[in-house]
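Just so it is clear, the values below take in all heavy atoms, side chains as well, and ignore hydrogens, waters and symmetry mates. Throughout, a chain's letter reflects where its sequence line sits, starting with A, and its residues are numbered from 1.
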Amino acid sequence: MSTFALVDGNSFYASCERVFRPDLLGRPIIVLSNNDGCVVARSAEAKALGIPAFLPFYQVQQLCHKHRVAVFSSNYALYGDMSRRMMNVLSRFAPQQEIYSIDECFLDVTGIPDLDSHGHRIRQAVWQGLGIPTCVGMGSSKTLAKLANHVAKKRPEWNGVFEWDWLTPREADRLLAEFAVGEVWGIGRRIAHKLTQMNIHSALDLKQADPRHIKRKFNVVMERTVAELNGAPCLALEDVAPAKQQIISSRSFSRLVRNLPALSASISHHVARAAEKLRAQGCVAGLLGVSIRTNPFRELGQYHGYTCVPLIHPSADTLLLNHAAQAALRAIWRPEFSYHKAGIILMDIGTPAIQQRDLFSPLPDPKRAKLMAAIDKLNRNFGSGTVKLGAEGLSEDWRMRQDKKSPCYTTRVDEVARVK
DNA sequence: TCTGGGGTCCTAGGACCC
DNA sequence: TCTGGGGTCCTAGGACCC
């Protein structure tokens, strides 16, 4: 029988900030999303103040001020680098690792003796190596490991490590009954609501539901969740990330943007970002979509322009993709609107092996692939943005609001922490 | 003064064709 | 005159996650 572990960093972004600001020990910390829009991470102290996740920041600003909450803009260069280090440490504790998100990974701990002390060694290693607190949840399916991680996090008596097999089946069911069905992995707000109407309220209710009935009412994915709750693993550990089927890069502006050149520069920027991801997974895209929209929270003049263009030769070449994107942008741009958000999406993604020849257009220049590889290498080694398209522009006026960003302590020499 | 994230996959429904 | 099925492709919107 297999055993999965889910390890995640507690309040990861907030913890990353605290590593470099020991003066904030014991103080509530929150981290905001891009553009300082919503609260995306909260330290334990901030949660205790009752600050909910994903609320627009301005709605809790007063509260934060009153309780001297340390507020940070998100610093993805820092979190990404800390994540890489954490995953590196964790990889030593299992033969297989699946990096699931920036702050969590699954480990295959099947057959490892004494999972209790193994779990504590994992926590200890990350704490010593990075100063980030973690929790470890273990179970015979990924869904159970996820839920075990909740137990480890919420029940202090387990000291941050929990495995379902430590309980008798009766005790395990009693614990499952204490979790609302919406806390199960894959059950969001809508499905939780529908389940509640079917008189399925807790994780235990869902575990004991008739899988055929669930499949009929929902789909095969939900049926799998029921099986996973019963300890039958349906989801394998994916140690190599499957290639993405679509890649999106989009962002809202710090203020409304009216003129075409600024929109055009932002689209170029998104193309460069998405194409870099596309090349990183060794694929080409056959379809590119461009989207620009007004602010949906405003009253007047709503417009969402979207169009997608097929590419004659599927490509991962930033310049070619950008050429198509700019044409698409010109097609959807309406001068009478002010825009709030712009983005691009790459679709029809596949490997470059199969390439349709087009009779009337020349084949892509092979030298360009080398150019792209060189750009990627420079940006990897010297920080993203070292080399970029001229079309992305030098002006930053449309870029994000990040009033409270911490230094890039670990990725920029001029911003390393100083000890006085 | 005004403030509202970003990314991925899935699916229902429409358009079109035979 | 009006009706009939089934498949494919595309897209907007839904749902989930962190």
Would you please name every residue forming a side chain to side chain contact (heavy atoms under 4.5 Å, CB included) with A:Asp36, sequence neighbours left out? A:Leu32, A:Ser73, A:Arg401, A:Asp403, A:Lys404

Is there a side-chain contact between A:Pro296 and A:His340 (heavy atoms, below 4.5 Å)? yes

Looking at residues at least two apart in the chain, or sitting in another chain, which of them share a side chain to side chain contact (heavy atoms under 4.5 Å, CB included) with A:Thr410? A:Phe20, A:Leu78, A:Asp81, A:Met82, A:Arg85

Ordered by number, residues from residues 230-246 of chain A within less than 4.0 Å of DNA chain B (heavy atoms) are A:Lys244, A:Gln245, A:Gln246

Ignoring hydrogens and geometry, is there a side-chain-to-backbone donor-acceptor pair from A:Gln402 to A:Ser74 under 3.5 Å? yes

Outermost contacting nts on DNA chain B, any atom under 4.0 Å from chain A heavy atoms, listed 5' then 3', are B:dC2 to B:dT11

Checking A:Ser291 against A:His304: is there a side-chain donor and acceptor pair closer than 3.5 Å? yes

On DNA chain B, check which nucleotide each of A:Val40 and A:Asn219 is closest to and give me the residue with the more 5' one. A:Val40

Using atom types as modelled and distance alone, determine if a side-chain donor or acceptor of A:Thr318 lies under 3.5 Å from a backbone N or O of A:Ala275. no

Please tell me whether A:Glu17 and A:Tyr79 have a donor and an acceptor in their side chains that are separated by less than 3.5 angstrom. yes

Residue met sooner reading DNA chain B from 5', once A:Val221 and A:Arg273 are mapped to nucleotides: A:Arg273

Going through the checks in order, is the side-chain hydrogen bond (donor to acceptor under 3.5 Å, both in side chains) test met by A:Thr143 and A:Arg224? CA-CA 10 Å; A:Thr143 304; A:Arg224 275 205 285 264; over 6 Å; no

Given the P atoms of C:dC18 and B:dG4, what is the spacing between them in whole Å? 24 Å

Dot-bracket, DNA chain B: Watson-Crick or G-U, under 3.5 angstrom, [ ] crossing, | other strand? ....||||||||||||||

Within residues 51-79 of chain A, find the residues that approach DNA chain B with a heavy atom at under 4.0 Å, and present them sorted by residue number. A:Phe54, A:Pro56, A:Tyr58

Test A:Asp376 against every option in A:Lys277, A:Arg279, A:Arg273 by the salt bridge (charged side-chain N to carboxylate O under 4.0 Å, His left out) rule and name the one that passes. A:Arg279

Considering non-hydrogen atoms only, spot the tightest contact between A:Thr225 and A:Leu206 and give its length. CG2-CD2, 4.3 Å

Classify A:Lys194 by what it touches in the nucleic acid, base, sugar-phosphate, or nothing, heavy-atom distance under 4.0 Å. nothing

When the aromatic ring centroids of A:Trp185 and A:Phe106 are compared, is their separation below 6.0 Å? yes

Does A:Leu32 reach a base, just sugar-phosphate, or nothing at all? Heavy atoms under 4.0 Å. nothing

Distance in Å, A:Ile200 CD1 paired with A:Lys217 NZ, rounded so as to fall on 0.5 Å steps: 10.0 Å

Answer yes or no: is there an ion pair linking A:Glu45 with A:Arg18, defined by an N-O contact shorter than 4.0 Å? yes

